Novice: 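Below you'll find the structure I mean.
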There are 2 protein chains.
Amino acid sequence: MKLARSDRGSQTRELLLATAERLFAEYGVEGVSNRQVSEAAGQSNNFAVGYHVGSKEDLVVAIVRPHAASIERRCGEMVAQLPDSPGLRDWVSCLVRPAVEHLASLGVPSWYARFIAQATTHPTFRRLVVGEAFASRSFQRCHEAMFRLVPLLPEEVRRERDDMGRLMLVHICAERERALQEGTASPHSTWESTATGLVDALVGLWLAPVTARW
Amino acid sequence: MKLARSDRGSQTRELLLATAERLFAEYGVEGVSNRQVSEAAGQSNNFAVGYHVGSKEDLVVAIVRPHAASIERRCGEMVAQLPDSPGLRDWVSCLVRPAVEHLASLGVPSWYARFIAQATTHPTFRRLVVGEAFASRSFQRCHEAMFRLVPLLPEEVRRERDDMGRLMLVHICAERERALQEGTASPHSTWESTATGLVDALVGLWLAPVTARW
DNA sequence: CAGAGACTAAGTCATACGCCTTAAAAGTCA
DNA sequence: TGACTTTTAAGGCGTATGACTTAGTCTCTG
């Protein structure tokens, strides 16, 4: 069968992706060359990344994709179990918890949160990554449902607070991931507490009064 | 007199800093070599950065310092003009507006917000930059005053929301700076509106109810 | 089992890097 | 003016990079 043959290749590919994710989180996306990734993954061929994945942009996208899929799946499941006429807090939870629980499922140390924080902040990888990681169906649906529950906001403020929410989710997760690796707290309680804190904060953010402008 | 002599040198140095700030914001801090900075600044000596500033870490700190000083000055002035028994919103404004007004004063295009967003996200430059940019006296004072007005928060939540506020300030300013460069909105109204939006959001964040954990 | 295709090892090549040296130019002061 | 210091110009040196080639290994399929 074909699996066994393509297995070795795809194993190597996944090893490369995991290694790249870790190195990028530790030293910055631009701070690590494809060559270093190949060598750190134990490949004698310094062009292994080029062969199995492609350019650095391809590599970044390839790292994001499976994580995004897992989060999307969790998000879909959570939406399906929502009570009748869910409130703002329910929808916010559907945006926060799938991502946090995915990170929790990775164990310690995980690297994805720090990787994604950097990638979304980088001027050239930004578009690529945001499109890949935040454009899923369930995610979109939660956003729309959420907007309907805060109907008083002008479009501009809505967009602004949406940005704020995304930034908080990404970067707070990155900081917790770092703290978790350095510290002594139990992973589960830390991630659970992070999710609760984020949901509280995001609800407060969306419900904050709006000062008129101009 | 000595000024004239050191003038040429310090002018070159400042040209290097400004060039580096722009290139870092455009292509990422790690994506630009000191050599490229020297050459983009029109210096034939490709070691100009090394001569005038030092290592890349020194360069990053040197870029931050004057901006941080300007923001600190504005913050001090704003605190001095605060009304008697200022409210939460007043102290939040003292944390947000000095930074935003400093960015507005730079004109369009400015690069500092995007630079600082990346630098504070980078795993190795993080400590360096956060210490330099957010550790000023007036800033600390505003924080403490703010905390006294939200006394119910557990220490952990306080710290968490403090992180959130800092992240929002930095990254939202970076997004606005980018939008401003690409878009057509008048700079003043955009920055003013950004400040208002941030203050609204941060007040909402600090006043958000806290769910018990564990 | 033999051969085709997928994968890895090993290494080449031009380019770009950081760091450094040397020499000329610009500026200062006795 | 002439000795002295600071700054800039020009370029060398060893190393690391991305892109690529070639040779060989492994695994399945016919």
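Note that the structure is a prediction, hence the values are computed from the model and not measured. The sequence lines fix the lettering, A, B, ..., with proteins before strands; numbering per chain opens at 1.
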Novice: Mind checking whether Phe139(B) and Cys75(B) have side chains closer than 4.5 Å, heavy atoms only?
Specialist: yes
Novice: Consider the side chain of Phe47(A), meaning its heavy atoms from C-beta on, and name the nucleotide among dT17(D), dA19(D), dC19(C) that approaches it most closely.
Specialist: dA19(D)
Novice: Could you give the CD-to-P distance, from Glu30(B) to dT17(D), as a whole number of Å?
Specialist: 12 Å
Novice: What nucleotide among dA10(C), dT8(C), dC17(C) has an atom nearest to a side-chain atom of Gln43(A)?
Specialist: dT8(C)
Novice: Taking CG from Leu15(A) and C1' from dC7(C), how many angstroms apart are they, rounded to a whole number?
Specialist: 14 Å
Novice: Specify the separation, in whole Å, of atom CD of Glu39(A) and atom C1' of dT8(C).
Specialist: 14 Å
Novice: Starting the side chain at C-beta, find the nucleotide from dA10(D), dT12(C), dG18(C) nearest to Ser33(B).
Specialist: dG18(C)
Novice: Can you tell me which nucleotide in dG11(D), dT7(D), dG18(D) comes closest to the side chain of Arg35(A)?
Specialist: dG18(D)
Novice: Give a yes/no answer on whether the side chain of Thr12(B) brings an N or O atom under 4.0 Å of OP1 or OP2 in dT8(D).
Specialist: yes
Novice: Could a donor-acceptor pair under 3.5 angstrom be found where the side chain of Asn34(B) meets the base of dC19(C)?
Specialist: no
Novice: Among dT7(D), dA6(C), dA9(D), which nucleotide sits nearest the side chain of Tyr51(A)?
Specialist: dA6(C)
Novice: In this structure, how many angstroms lie between the C1' atom of dT6(D) and the CZ atom of Arg13(B), rounded?
Specialist: 15 Å
Novice: Between Glu30(A) and His122(A), does the side-chain hydrogen bond (donor to acceptor under 3.5 Å, both in side chains) criterion hold? Intermediate values first, please.
Specialist: CA-CA 9 Å; Glu30(A) 300 263 24; His122(A) 191 282; 2.6 Å; yes
Novice: From dG18(C), dA6(C), dG12(D), pick the nucleotide closest to the side chain of Asn46(B)?
Specialist: dG12(D)
Novice: Between Phe147(B) and Trp91(B), does the ring centroid distance fall short of 6.0 Å?
Specialist: no
Novice: Side-chain N or O of Ser44(B) less than 4.0 angstrom from OP1 or OP2 on dA10(D)?
Specialist: yes
Novice: Give the intermediate values and the outcome of side-chain hydrogen bond (donor to acceptor under 3.5 Å, both in side chains) for residues Ser93(B) and Asp90(B).
Specialist: CA-CA 5 Å; Ser93(B) 294; Asp90(B) 293 311; 5.7 Å; no
Novice: Can you tell me if His52(B) touches the phosphate of dT8(D), counting only side-chain N or O atoms and a distance under 4.0 Å to OP1 or OP2?
Specialist: yes
Novice: Between Glu72(A) and Ser138(A), is a side-chain hydrogen bond (donor to acceptor under 3.5 Å, both in side chains) present by the stated rule, with each step listed?
Specialist: CA-CA 6 Å; Glu72(A) 159 69 7; Ser138(A) 305; 3.0 Å; yes
Novice: Whether Gln36(A) contacts dA16(D) is assessed here as follows: a side-chain N or O lying under 4.0 Å from the phosphate OP1 or OP2. Is that the case?
Specialist: no
